[in-house]
Amino acid sequence: MCGIVGYIGDRDATPIILGGLKRLEYRGYDSAGVAVLDDGQIEIRRDAGKLSHLESLVNDMPVHGKIGIGHTRWATHGEPNARNAHPHIGSTGEFVVVHNGIVENYLALREELEAEGTEFKSDTDTETIVHLVEKFFAIEGNLLDAVRRTLQHLKGAHGIVVMSSREPDKIVAARVGNAGGVVIGLGENENYVASDLPAILEHTRKVVFLESHQIAVVTKKNVKVIDTDGKPINTQVQRIAWDPVAAEKGEYRHFMQKEIHEQVRSLTDTLAGRVDFDAGRVTLHELNLDAAKAKKIQKIIITACGTAAHAGMVGKILIERIARVPVEVAIASEFRYADPLVDENTVILAISQSGETADTLAAMEEGRSKGGILWSNVNAIGSQAMRIADGCISMQVGPEIGVASTKAFTAPLVDMYLLAVYLGDLRGTLDPDQRFKLVNDLMGIPSLAGVCLDREDEIVALARKFMNMDHMLYLGRGINMPIAYEGALKLKEISYIHAEGYPAGEMKHGPIALIDRSMPVVALAPKDPWYDKMISQIEQALARGGEVIAVATDGDERIPDLTDNIIWVPEVPWLLSPVITSIPLQLFAYHIASLLGLDVDQPRNLAKSVTVE
Ligand code: M6R
C-alpha cells in the first residue's frame, strides 16, 4: 500500500523521509525510493524490495539536502522493480513526483505525450504526471499552476507530491478524491507532507488534512492551501492527541468512518500487483495454479460467517458467471456439521477478515478432512486461515479496527472478481475480448468508490431522517441481494435498529405484511439486470404505505417519480456494482449509529474476531 513522506526545513531530509517511510512499512509495499534536492540537483535513490535495500543504497551513495520526498510503492502499473519505483523524474531532470492512486486515462495521456516527443522511462501510470507538470511549467512558468493544470488532465483519485529544482523552496502536494489522504505536518521552520499521520507524528502533532480538490504549497516557514480552481482555503490546524489510538484515528471520529473512507485506497491496493491492465490479465500467484490444476476444479464451496459470507454470496455469482465453475456458499457454522460432499476436485474457499473465526476454521478443517483443496481470502497476515490454506488471496486493506467490517467487505468482492477472471482465463472460458473488458472495468472502481464517499453529506441527511426508526427492511435482487443482507447487518450491529435483508422477490411471500410507514424499505435498484424487477418491488412497497429509500444509478429517471429518498451511486458495470452500492449503506448505518451517540467501533455484545463456537 503506497506511502508518501516529504520534508522541507533546515535538517537533512533523507533520514527524516526514510524514518517516515519506515513507520508506514506495516502497510506493505514492493519498492521504495527517495528524491532529495542536493546542491540544486534532484538526486534519486530507489530500489525494488524492502526499505532496507533503499537504506543500503543510500549508505553506498549518500544524498543530502534540506528538501525531499519519498515513497513506498505497491505496484499497479508495471513490475515492482527499480525503474518503476517512485519518485519519477521528468525529462529535464527538474521535476519529480510521488503518487498514490491510479491515473485511469494514463494510456491516452502517454500516447499524447509520446506523440509530442516525450520519452518514458518506466511502465507506470505515475510517470505521465511528472511529464505533464514539466509541460505545463513551460507554459505557466510556476509550479503551483503547473500542478493545477496537470490535475485537470488526470482521471481518477490521487494523492500527489511534487518537488522541482526550478522552485527549490517548496513542495506542492495535492489531493483529488480519496486515494488515501494527504496530511501536512507543521513544525518550527520546517514542515512535512505525508499520506498517513504515523509517518510524521514523531516530529509534530500540529497538522492540516487536505480535502479532496485541495493543493498545498509547503515551504519551510508556511503552508498555503488553495482549491483546484485557485481559490485560497482557510485551513483548520488540528492538534493530534498523544494517545496513540486517537492519533491513529486521525481526522475521523471513529475507526469505522476512517475505514469506510480508506476504501479508495484499499481497492487500489487490491488491484496492485495482480492486474495487468495493458495485457488485460489477472494473476493470483498466491494460489499456485496453472491451467491443468484450474481445469480439474469441479466445484468451489465458499465458506464464511457474517459479512464475509455476504461477500461470498457475491463471489458465487461472479465465479459462476465469469469462470463457469459451480459454486456453493456455506455458512461456516452450518457447514462443519453438514457432512458436505467434498472430494479432491472441490475447493473450499474460506473468506475471513480475521482469519481466526472459529466456525470458519472448523469448516476449513472439515473440507480438509474430506480431501478438498483449501483456499482462503484473509486480511490478518499470519492468521490461522492464511497458514493452513493451500493458497491464500490476502486482502490488501491493512488493519481493520472497527468491529463492523467495511473495507474488509469491499476488498473480497474485488478479490472474488479477480479470482473469477483468473479462473476463467486459465480454464479457457473467457475469450480475450471479454477478458480485456472485465479487467478494464476494474480500473475505475477505486475512484467510483471515492465518488460515493464524496456524497457523505447526502447520506447524513437521510440518516437524520431515519435515525429514530425501530425497524427497516433491505431489499435487493441478483448480485445486489447480498448487499441487502449486508446493509441490514451493518445497521443492526452498530445502531441496534432491527433490520432485515431480504431477496426482493420474496417480499410478497411474507415480509410485505410488515410494511407500513413505521417500517421503511431500503431498495437496492441500481441499473443492473434486475432493475425493472426492483422498480416493481418499490411500487409494491409504496402501495402498502411504506416509505422507500432507493439506491439508484445517477441519471435514473424513473426512481425520482417514486420516492424522494434516493441514495445516488455512480454508474458502474453491473458485475462490480456491489462494491459501489455497499459503500453508501455503510455510511448510512455509520451515521445513524453516530447520531444516536452509540459506541460505533465497539458495539455491545460483539467482538472483532469470534474465536469461540
Ligand atoms: O473475521 P471474519 O471475517 O471471519 O468475521 C466474520 C464475522 O464475524 C464478521 O464479518 C461480522 O459479521 C462483522 N461484525 C460484520 O461487520
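Read the numbers this way: they start at 1 and go in the same order the structure lists the ligands and their atoms. Scope of the values below: all heavy atoms of this structure, side chains included, with no hydrogens, waters or symmetry mates.
For atom 3 (O) of ligand 1, the closest non-hydrogen atom on the protein side is Gln353 N, 2.6 Å. For atom 7 (C) of ligand 1, the closest non-hydrogen atom of the protein is Cys305 O, 3.6 Å. Distance from atom 8 (O) of ligand 1 to its nearest protein heavy atom, with residue and atom name: Val610 CG2, 4.0 Å.
Within ligand 1, the atoms closer than 4.0 Å to a non-hydrogen atom of Val403 are 13 (C), 14 (N), 16 (O), numbered from 1 in the order shown. Near Ser354, the atoms of ligand 1 lying under 4.0 angstrom from a non-hydrogen atom of the residue are 1 (O), 2 (P), 4 (O). Atoms of ligand 1 lying under 4.0 Å from any heavy atom of Gly306, numbered from 1 in the order shown and given with element: 12 (O). Close contacts of ligand 1 with Ala404, meaning ligand atoms under 4.0 Å from a residue heavy atom, involve 16 (O). Here is the list of ligand 1 atoms found below 4.0 Å of a heavy atom in Ala308: 3 (O), 10 (O). For ligand 1, the atoms closer than 4.0 angstrom to any heavy atom of Ser405 are 15 (C), 16 (O).
Within the 4.0 Å heavy-atom cutoff, Lys490 counts among the residues contacting ligand 1. Under a 4.0 angstrom heavy-atom cut-off, Leu606 registers as lying outside contact with ligand 1.
Here's the thing with Gly355: none of its N/O atoms is less than 3.5 angstrom from an N/O atom of ligand 1.
Partner Lys370 forms a side-chain contact (heavy atoms from CB on, under 4.5 Å) with one of Asp339, Ile348, Thr346 and no other, that one being Asp339.
The aromatic rings of His310 and Tyr485 lie tilted to each other, with the angle between the two planes from 30° to 60°.
Lys527 forms a cation-pi arrangement with Tyr531, by the criterion of a distance under 6.0 Å to the ring centre and an angle within 45° of the ring axis. Both cation-pi conditions hold for Lys50 and Tyr29: the charged atom is under 6.0 angstrom from the six-membered ring centre and inside a 45 degree cone around its axis.
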Are Thr406 and Gln263 close enough, and set up right, to give a side-chain hydrogen bond (donor to acceptor under 3.5 Å, both in side chains), and what steps lead you there?
-> CA-CA 8 Å; Thr406 52; Gln263 289 177 106; 5.2 Å; no
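For the residues Thr307, Thr406, Thr357, the heavy atom positioned nearest atom 5 (O) of ligand 1 is part of Thr357.
In this structure, Tyr496 has no ring pair (Phe, Tyr, Trp, His ring centres under 6.0 Å) partners at least two apart in sequence or on a different chain.
Arg464 CZ: 12 or fewer foreign heavy atoms inside a 6.0 Å radius.
Counting all heavy atoms, side chain and backbone alike, Glu366 lies closest to Pro340 at OE2-CD, 3.5 Å.
At a heavy-atom distance under 4.0 Å, only side-chain atoms of Glu493, from C-beta outward, approach ligand 1.
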